[in-house]
Protein chains: 2
Amino acid sequence: MRMTPQRQLVLDAVRELGHATPEQVCKRVQGTAATVNITTIYRALDLLEELGLVRHTHLGHGAPTYSAEEHEHVHLACHRCGEVDEVDPAVLGDLGRRLLAERGFELDATHLALSGLCRACRAAGPEQTPADPPQQHAEEHR
Amino acid sequence: MRMTPQRQLVLDAVRELGHATPEQVCKRVQGTAATVNITTIYRALDLLEELGLVRHTHLGHGAPTYSAEEHEHVHLACHRCGEVDEVDPAVLGDLGRRLLAERGFELDATHLALSGLCRACRAAGPEQTPADPPQQHAEEHR
DNA sequence: TTATGTGCAAAAAGTTTGCAAGCAC
DNA sequence: GTGCTTGCAAACTTTTTGCACATAA
């Protein structure tokens with residue numbers, strides 16, 4: 001395989017964006033090279049993932065996000081507002097070890113987010129339907 | 001709202017299936033009432049979720065799965081074979097408490113799966129491309 | 001030339017929406 | 001009749017596939 005300009009742009013975009021959906025990567029790449037097709041983005045992401053240069057994480061709702069491999073931490077996704085926080089995998093303590101011992105399950109903590117309510121949303125109270133439904137804050141970004 | 005036959009069938013299906021995608025729920029319901037439309041399944045699932053009778057969990061790949069509310073545990077999803085194991089939320093130990101204290105993040109451990117490699121896939125070894133690619137065992141069920 | 005990579009169009013999968021018809025009260 | 005519910009068709013979003021053309025070695 002060759003590190004083509006398109007693939008390099010995709011890798012750069014992933015590194016710069018931190019986490020990004022294929023759609024967002026596409027936008028970014030097209031800022032530099034407008035003709036690059038979304039198909040190429042998907043293919044490049046798959047390939048870069050096979051090479052171990054990027055990984056993807058499921059944040060809960062629709063699209064997975066891609067990030068550079070070096071960027072390794074556990075994601076905390078708020079299912080009220082969609083905010084994603086990042087924490088050191090060390091917070092998991094010996095969970096990985098216990099799952100391995102008890103269930104034979106080898107945890108990859110960075111691949112999926114942990115879901116819950118972020119500080120801001122907890123502070124905002126448990127109301128299900130905010131009186132003034134703040135746009136961009138829909139449940140799970142539908 | 002009324003507990004219509006369709007909605008009852010959807011709820012029953014979710015309870016019987018344990019975890020199921022909307023598609024699977026639809027198949028099941030149509031076993032009893034063939035004319036029920038997939039649209040109705042989606043609407044019923046949303047509604048039952050608002051009522052707190054079912055919840056959905058993101059297992060990592062495409063479709064979310066629905067399960068009955070009483071069915072509460074942490075999911076371990078294998079990203080090699082797609083198997084989903086279930087464990088008692090107690091395995092998480094004080095993780096929830098620590099995240100709350102350190103990050104103000106209120107964990108809902110049942111909403112997202114933990115991802116990793118199941119015992120069987122670990123035993124099968126780390127080969128990326130099995131010599132005999134077992135169908136139904138694609139990475140993340142693409 | 002041979003294999004690889006790209007863009008485009010179309011297909012596929014999953015989900016949502018609009019609307020007319022049906023049913024409960 | 002009024003309003004909630006359903007089925008159907010169509011739209012939409014995200015991702016994948018087929019194919020012809022371009023490009024590198």
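Values in this document were obtained by computation on a predicted structure and should not be read as measured data. Below, chains carry the letters A, B, ... as their sequence lines are ordered, and counting in each starts from 1.
Atom-to-atom, CG of Asn37(A) to C1' of dA10(C) comes out at 12 Å; the value is rounded to the nearest Å. Distance, Lys27(B) NZ to dA13(C) C1': 12 Å, rounded to whole Å. Between Glu50(B) atom CD and dT5(D) atom P the separation is 11 Å, expressed in whole Å. Gln6(B) has its CD atom 11 Å from the P atom of dC8(D), to the nearest Å. Atom CD1 of Ile38(A) is separated from atom C1' of dT6(C) by 14 Å (rounded to the nearest Å). Atom CG in Asp46(B) sits roughly 13 Å away from atom C1' in dT17(C) (whole-Å rounding). For Ile41(B) and dG14(C), the CD1 to P distance is 15 Å, given to the nearest whole Å. Protein atom CD of Gln30(A) is 12 Å distant from nucleotide atom C1' of dG7(C), rounded to whole Å.
With hydrogens and angles disregarded, a donor-acceptor distance shorter than 3.5 Å links the side chain of Gln30(B) to the backbone of Val36(B). Not one N or O on the side chain of Arg122(B) forms a donor-acceptor pair closer than 3.5 Å with the backbone of Phe105(A). With Arg7(A) contributing its side chain and Leu48(A) its backbone, the two residues share no donor-acceptor pair below 3.5 Å.
Side-chain N/O atoms of Arg43(B) include none lying less than 4.0 angstrom from OP1 or OP2 on dT15(C). Residue Thr21(B) has no polar side-chain atom (N or O) positioned under 4.0 Å from OP1 or OP2 of dG14(C). Phosphate proximity of dT16(C) to Tyr42(B): absent, as no side-chain N or O sits under 4.0 Å from OP1 or OP2. Phosphate contact (OP1/OP2 of dG7(D), side-chain N/O of Thr40(B), threshold under 4.0 Å): present.
For a distance-only test at 3.5 Å, the side chain of Arg2(B) fails to qualify as a donor-acceptor partner of the base of dG3(D).
Aromatic ring orientation, His19(A) versus His75(A): perpendicular (interplanar angle above 60°, classes split at 30° and 60°).
Using a 4.0 Å heavy-atom criterion, one finds that Thr4(A) contacts the sugar-phosphate atoms exclusively. When heavy atoms are screened at a 4.0 angstrom cut-off, Thr35(A) is found touching the sugar-phosphate backbone but no base atom.
When side chains are defined from C-beta on, Leu45(A) does not count as touching His56(A), because their heavy atoms never get closer than 4.5 Å.
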